[in-house]
Amino acid sequence: MLGTVPDRRAPAVPPRSRRLDHRRPGAAAVTPTSYWETIDPLLSQVRKPAQYVGGEHNQVASDWDAADTRWLLCYPDTYEVGQPNQGIQILYEILNERATALAERAYAPWVDMEALQREHGIPAFSLEHHRPLWAFDVFAVTLPHELGHTNLLNLLDLGSVPIRSAGRSVEDPIVLVGGHAAYNPEPLAPFIDAAVMGDGEEVTLEVDDAIRTWKRIHLGDGQSPGPDARGDLLKRLAAVEGVYVPAFYEPRYYDDGRLRQTVSVEPGVPSRVPKRTVQDLEQWAYPRKQIVPMTETVHERFSVEIFRGCTRGCRFCQAGMITRPVRERRPETIQKLVEDGVRDTGFNEVGLLSLSSADHSAIGSVARDLADTYEGTTTSLSLPSTRVDAFNVTLSNELARNGRRTGLTFAPEAGSERMRAVINKMVSEADLLRTAETSFSEGWRHIKLYFMVGLPTEQDEDVLAIADLGIKAYEIARKYGKANKVTLSVGGFVPKPHTPFQWVAQDPPEEIRRKLSLIRHAIKAHGGLKLRTNDPEEGVIEGLLARGDRRVAPAVERAWELGARFDGWHEMPTLETWMQALAETGVDLDWFSYRERDENEALPWDHLDSGLEKSWLWEDWQDSLTEKDLDDCRWSACYDCGVCPGLSIDHDTGYTGGFQLPVLPQGLGGGSEDLPTAPERYASGS
Amino acid sequence: MSQRYRIRWTKEGRTRYISARDLTSVWERALRRADLPIAYSEGFTPHAKVSFPDALPVSYGSTGEYAELTFAAPITPERDIARLSSSLPDGMDILTYLKVPDGAPKLARMLRATLWELIWPPVDATELTELLHRRSDELMASDAAEVIRHRPDGDRTIDVRPAMLAIAASTHPTAGGDARTVLRAVLRNDGPTVRPTDLHAALTRGDIAEPALNRRVAQGEHVPEGLREALSGTVDPLVLDVDAEAA
């Protein structure tokens, strides 16, 4: 055929013995070829090609040879899901602000793109310059959950980097993970070089310092690094507080398979790696220059983290446990970040993010000031808050000034009073129904209620109580309008490390399915009451990887080899693949996931210090069994969870002096309830 | 006092991959970044008043995109349109603008024809240009040229001949010292849509590869030399001056 391109081969990936010149610091480096010319002609063959092109507003594209250290920051899922991630955007900005560093971004290619990349020899690449993964100094991957593990392996392989840390040399990047699932990186231990525990801002810069220093010593112009150079780099990384290098630790097991202890085997490394905590969030007002995508993503808005940490003490919640203590941003800082950010990005939605945004001690005035600023404009405000109280409704009324009162979300999490005492979610049925009443009477049309099944000590009556609560809320909804809706959103509970429920047995999927069908059956007669559930099997891999130890790693590798990718996606049912991998590698799912542990059993993450005392977690687990509740320590006495000692702060809240009552304009929302007092608000409106 | 402007803009480079669906928010955000008083539609989910006459297929390049913008307040066009242009992503630039006088015909009526460009990789240029030249003549001499368009929802037969106003192939030197074939065609915009892919299907007998790039050069009115561009009135020639380009 005339006009046929003569086999458009991608630039060849150099063998691992010939990559060093690309990674030399600064001007000594040879810039790796961009793959754009090879990728471009293939993009009309894939779904959503814009996810692979980069070039968005606020992208930073620096010259390769202008930087000493080069990071490839990755969210191991599609661009659509990963791009809005705040962690990546924070690190992207602070690294690129450094004159000596460069950071680009990568996401997991969807399967159609991966197939083309493999066919045409195109490695995993960065979006900014379409440079290959193997050429960077650090491949830094955030793990917000466990379902990106196989994608991480796949990206390494696609990026022409050996899967296993032991197989890497100075010719390869350092594979670094962080994020919530990095609090138990053991199932990934052989594949990663290091994990970072806790807040990333400061430790990332320290890691960058360590790598830059190491490169100057070992990788200067024309130098050939000695055989110990990579070992030296790992030691330098392990010396950074908060960095865990799995190769320097070894698990010891009892004959019956239980873990005895994970011990350090390298002189000088800490026996327990402490997490990092940014003590003053005010010094880290990022991300400011947020990426503005040119294709659809899951959250298209300018997001500001209004505080970090949560001490509500929900026993199932890993995020609330590992991110303590609470550190608030000042209202004026929030206001400035939002105003500058909206102007700079052109986003028409603002998200005020945190684990429970209505809990900011000045949220009332923050919301009012922002609502005033954007009144009558097309900029809308959103506040992910699932608190079950009238205050939350009032706040939502305020934020919805520019828009419609459509839907509100509340998270009672469990159906019965007893079950809520077990999980320490202190909301009474009366609270919930009163909140529903307030919502519908003030013109909201739809409420969504979040619940979990599979919680410890759960009986069928607790499960049925979810249906019961839903029916009662729906009856209230109907009083205010025939078209009003209530949705029950029910997921299966997955126990996570560093929580009071880290010892419990997870419900197998068939048990979750049975419980969901109890609810479905009980609400059948109520047409406008909807039930939304996840596939019960989704929690199986997540649960195994959350609490697994190093013996699970071969199963991760095998599952990937067998084709597992995108484990969290409905489009990619990978459970069967995983079951085969578990069978082949001898990993016993029952033993890892469906077995209750006792107090004395060592846990695979015991050598990783989230700040929480294991003895306190155990005590709180025992308290949950006696349905004993625990107040939020922001306004009641400290119960010694272990996080605050050693930090120069307790909780960093209420900048204007003590706790502030949220001040809302009079007459807001028509007939709103009196505002609760601060302790009432924090105790979920009791 | 609202004001309407018509603009011609480009969609090149990486922005070729922005889908028609995503384009609206790309424009809306650029308008907000440029801080221009774009008008919004009424209703619960107001949208910026930016309208496009039609959608360009993803991956096509273009220097012939158009839009109509309605501003809620007067703007200073030479300053503000330039600011808007620089707020757009790299690859998207505004080339021309025209304030819309009252009673002006609809934009779509000014865009009666499109000048398309099919660009092949720099191989077989002489032979390919010659072949395309022959096939083009045959096509123009025929009464009908039916091609099958394959779509996920089934095949469709369309006749490309009625849309064809003019067509010409030529050989162009490349920066690298090679030569490539470029086919330019003026197609009518009214009637059933005919795309460069349909044109390619009508020209090949299984012996011409797909072009490396399809581009919409400009839209306007067919004239003997090529196409008179709708907003500027300048004429884009059907046959490019190869010597001028080489120099």
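Below, read A as the first sequence line, B as the second, and so on, with proteins coming before strands; counting in each chain starts at 1.
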Most contacts with chain B, counted as non-hydrogen pairs under 4.5 angstrom, among [options]:
options	value
A:V342, A:T379, A:T406	A:T379
A:W36, A:F347, A:Y52	A:F347
A:P293, A:S380, A:S44, A:G3	A:G3

With a 4.5 Å heavy-atom cut-off, do A:L2 and B:L131 have their side chains touching?
-> yes
B:P89 and A:M294, any side-chain heavy atoms less than 4.5 Å apart = yes
Chain A-proximal positions within [range] [heavy-atom distance under 4.5 Å]:
range	value
residues 67-82 of chain B	none
residues 46-60 of chain B	B:P46, B:V58, B:S59
residues 11-38 of chain B	B:R14, B:T15, B:R16, B:Y17, B:I18, B:R21, B:D22, B:V26, B:E28, B:R29, B:R32, B:R33

Proximity breakdown for [X] and chain B, heavy-atom pairs closer than 4.5 Å:
X	result
A:T345	backbone
A:Q59	side chain
A:L127	backbone
A:D344	backbone

A:K448: partners by side-chain hydrogen bond (donor to acceptor under 3.5 Å, both in side chains), with sequence neighbours left out = none
Has A:R288 got more than 12 heavy atoms of other residues, nucleotides or ligands less than 6.0 Å from its CZ?
-> yes
More than 12 heavy atoms of other residues, nucleotides or ligands under 6.0 Å from CG of B:D90: is that the case?
-> no
